[in-house]
2 protein chains.
Amino acid sequence: MPRGKCCNRGNRPCSCEMGNLYRFTEPIVLACLARLGISHGYQIAQAAESLAVTHAGLDVPAVYRVLRRLENNGYVQSTWDTSRSGPARREYVVTSAGLEHLDEWTVVLGDYLASLNGVLAECRQVLQGRLCPEETENR
Amino acid sequence: MPRGKCCNRGNRPCSCEMGNLYRFTEPIVLACLARLGISHGYQIAQAAESLAVTHAGLDVPAVYRVLRRLENNGYVQSTWDTSRSGPARREYVVTSAGLEHLDEWTVVLGDYLASLNGVLAECRQVLQGRLCPEETENR
DNA sequence: TTATATATGTGTAACTTACACATATGGGGG
DNA sequence: CCCCCATATGTGTAAGTTACACATATATAA
């Protein structure tokens, strides 16, 4: 997905136009933060566990890096919270630009899912014609 | 997804156990070849266009590399076809091990899709609660 | 004192991706 | 004969991603 125009979808958001995207960490973090309202990296990483893909948990360092990048792009804002006991927290909130960015992500994810769904359907269809007959023969 | 055990799903196939996978080129190529019966790289690349993900066509060089790797793993077999006019073709067929591999891929893809679907649903739900009220206000 | 949970990061080897480029066969047009 | 194009098979690689190792600091409990 990196580097450049792999396709031209006009002016609609596309997975190849979303810039440096650490795969799906970005939308997951954005969604979690939007859901939580105000939160910090450690808490987001924990909340995101349930949304992480491929059975692997979210990479915690990746969460911090994504938060930094989101802030550089104006999608979130942060302030230090030193009022509580324990180590200081960097608390984040989503900006309206961040919500728009998340909205673009839903388009990208929707298209991506539709394509992958097609691939999976084709794989299953092929297997049904080629694997099942032999299976029913041998068993 | 590379390098090692990011999770433990017991003995079920998992996206982090599928070895060096050039993302989804492998299942796409395998499925196309299984569908076509006997085919060569160039033809597979063309047939796979309709199944490729993220609106980008399949990378043709990647198809050849994947076919080589599939053959090294015993998932396909090849012979040269010099009988026709034009450049020689390397013709491939899927082995029974290849069909089993494709079957494992459907499990991986199914899980992957389910997880991503959850992410997308969460994104949409969050946006519905946070984006729509403002939108209906302003418009 | 040591261990653990919380909290925020840096560094990087291994791997993936998109694309540039190389090579060769044969057919058609000039 | 030469050039261009479609077919056909590859190699090389810069830029980007991923998983994990490691560093640091605060507070609480054993």
Side-chain angles (χ1 to χ4, degrees), chain A residues 1-8 14-29 39-49 52-69 71 78-92 112, chain B residues 1-8 14-29 39-48 52-71 78-92 112:
Chain A
M1 264 189 263
R3 210 171 39 122
K5 355 74 220 266
C6 57
C7 67
N8 28 7
C14 172
S15 55
C16 54
E17 292 166 9
M18 296 299 278
N20 296 331
L21 38 97
Y22 275 33
R23 195 66 51 175
F24 305 117
T25 306
E26 185 168 302
I28 292 171
V29 166
S39 189
H40 57 281
Y42 193 80
Q43 191 181 5
I44 292 170
Q46 288 187 319
E49 283 290 305
V53 286
T54 67
H55 303 284
L58 263 203
D59 190 48
V60 177
V63 170
Y64 289 109
R65 273 191 263 245
V66 161
L67 282 169
R68 280 295 177 83
R69 190 158 47 78
E71 185 160 31
S78 74
T79 49
W80 279 104
D81 175 17
T82 52
S83 66
R84 304 175 194 233
S85 86
R89 305 167 169 190
R90 200 193 277 268
E91 301 219 295
Y92 288 91
Y112 188 79
Chain B
M1 265 188 265
R3 210 172 35 125
K5 353 84 224 275
C6 56
C7 66
N8 27 5
C14 170
S15 56
C16 55
E17 290 165 10
M18 297 298 279
N20 296 330
L21 37 96
Y22 275 32
R23 196 64 54 176
F24 304 116
T25 306
E26 185 169 303
I28 292 172
V29 166
S39 189
H40 57 281
Y42 194 80
Q43 191 182 5
I44 293 169
Q46 288 186 320
V53 286
T54 66
H55 302 283
L58 263 203
D59 191 47
V60 177
V63 170
Y64 290 108
R65 274 191 262 245
V66 161
L67 282 169
R68 280 294 177 84
R69 189 158 46 79
L70 287 172
E71 185 159 32
S78 74
T79 49
W80 280 103
D81 174 17
T82 51
S83 66
R84 305 176 193 232
S85 85
R89 304 168 170 189
R90 200 193 277 269
E91 300 218 298
Y92 288 92
Y112 187 80

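Computed from a prediction, not measured in an experiment: that's the story for all the values here. Here is how names work: the chains are called A, B, and so on, in the same order as the sequence lines, proteins then strands, and each is numbered from 1.
Residue A:R84 has no polar side-chain atom (N or O) positioned under 4.0 Å from OP1 or OP2 of C:dA7. For D:dT7, the OP1/OP2 oxygens have a side-chain nitrogen or oxygen of B:Y42 closer than 4.0 Å. Regarding contacts with the backbone of D:dT9, a side-chain N or O of B:Y64 is found under 4.0 angstrom from either OP1 or OP2. Contact between the side-chain N/O atoms of B:R89 and the OP1/OP2 oxygens of D:dT7 is not found at any separation under 4.0 Å.
You'll find that the side chain of B:P61 is closest to D:dG10, out of D:dA27, D:dG10, D:dC20. Of the candidates D:dA8, D:dT9, C:dT8, the closest approach to any side-chain atom of B:W80 belongs to D:dT9. Distances were taken from every side-chain heavy atom of B:H40 (C-beta onward) to each of D:dT9, C:dA18, C:dT6; the shortest belongs to D:dT9. Among D:dT9, C:dT10, C:dG9, the nucleotide with an atom closest to any side-chain atom of A:R65 is C:dT10.
Shown here for A:E71 and A:Y92, the closest heavy-atom pair between the two residues is OE1-CE2, 3.8 Å.
With values rounded to the nearest 0.5 angstrom, B:H40 atom NE2 is found 7.5 Å from B:Q46 atom CD. Distance CZ/A:R90 to OG1/A:T79: 9.5 Å, rounded to 0.5 Å.
Whole-Å rounding puts the B:Q43 CD to D:dA8 C1' distance at 12 Å. Spacing between atom CD of A:Q46 and atom P of C:dT8 amounts to 10 Å, rounded to whole angstrom units. Spacing between atom CD of B:E26 and atom C1' of C:dT17 amounts to 16 Å, rounded to whole angstrom units. Summarising the geometry, the separation between CG on B:D59 and P on C:dC21 is reported as 15 Å, rounded to the nearest angstrom. Rounded to whole angstrom, the span from the CZ atom of B:F24 across to the C1' atom of C:dT16 amounts to 12 Å. Counting to the nearest Å, the C1' atom of C:dA7 and the CD atom of A:E91 are 12 Å from each other. Rounded to an integer number of Å, the gap from CZ of A:R69 to C1' of D:dT18 is 13 Å. Rounded to an integer number of Å, the gap from B:I44 CD1 to D:dG10 C1' is 15 Å.
Within the 4.5 Å cutoff, the side chain of A:V29 has heavy atoms near those of the A:L67 side chain. Using a 4.5 Å cut-off on side-chain heavy atoms (C-beta onward), B:I28 and B:V66 make no contact.
Mapped onto DNA chain C by nearest heavy atom, B:P87 and A:S85 fall at different nucleotides, with A:S85 at the one closer to the 5' end.
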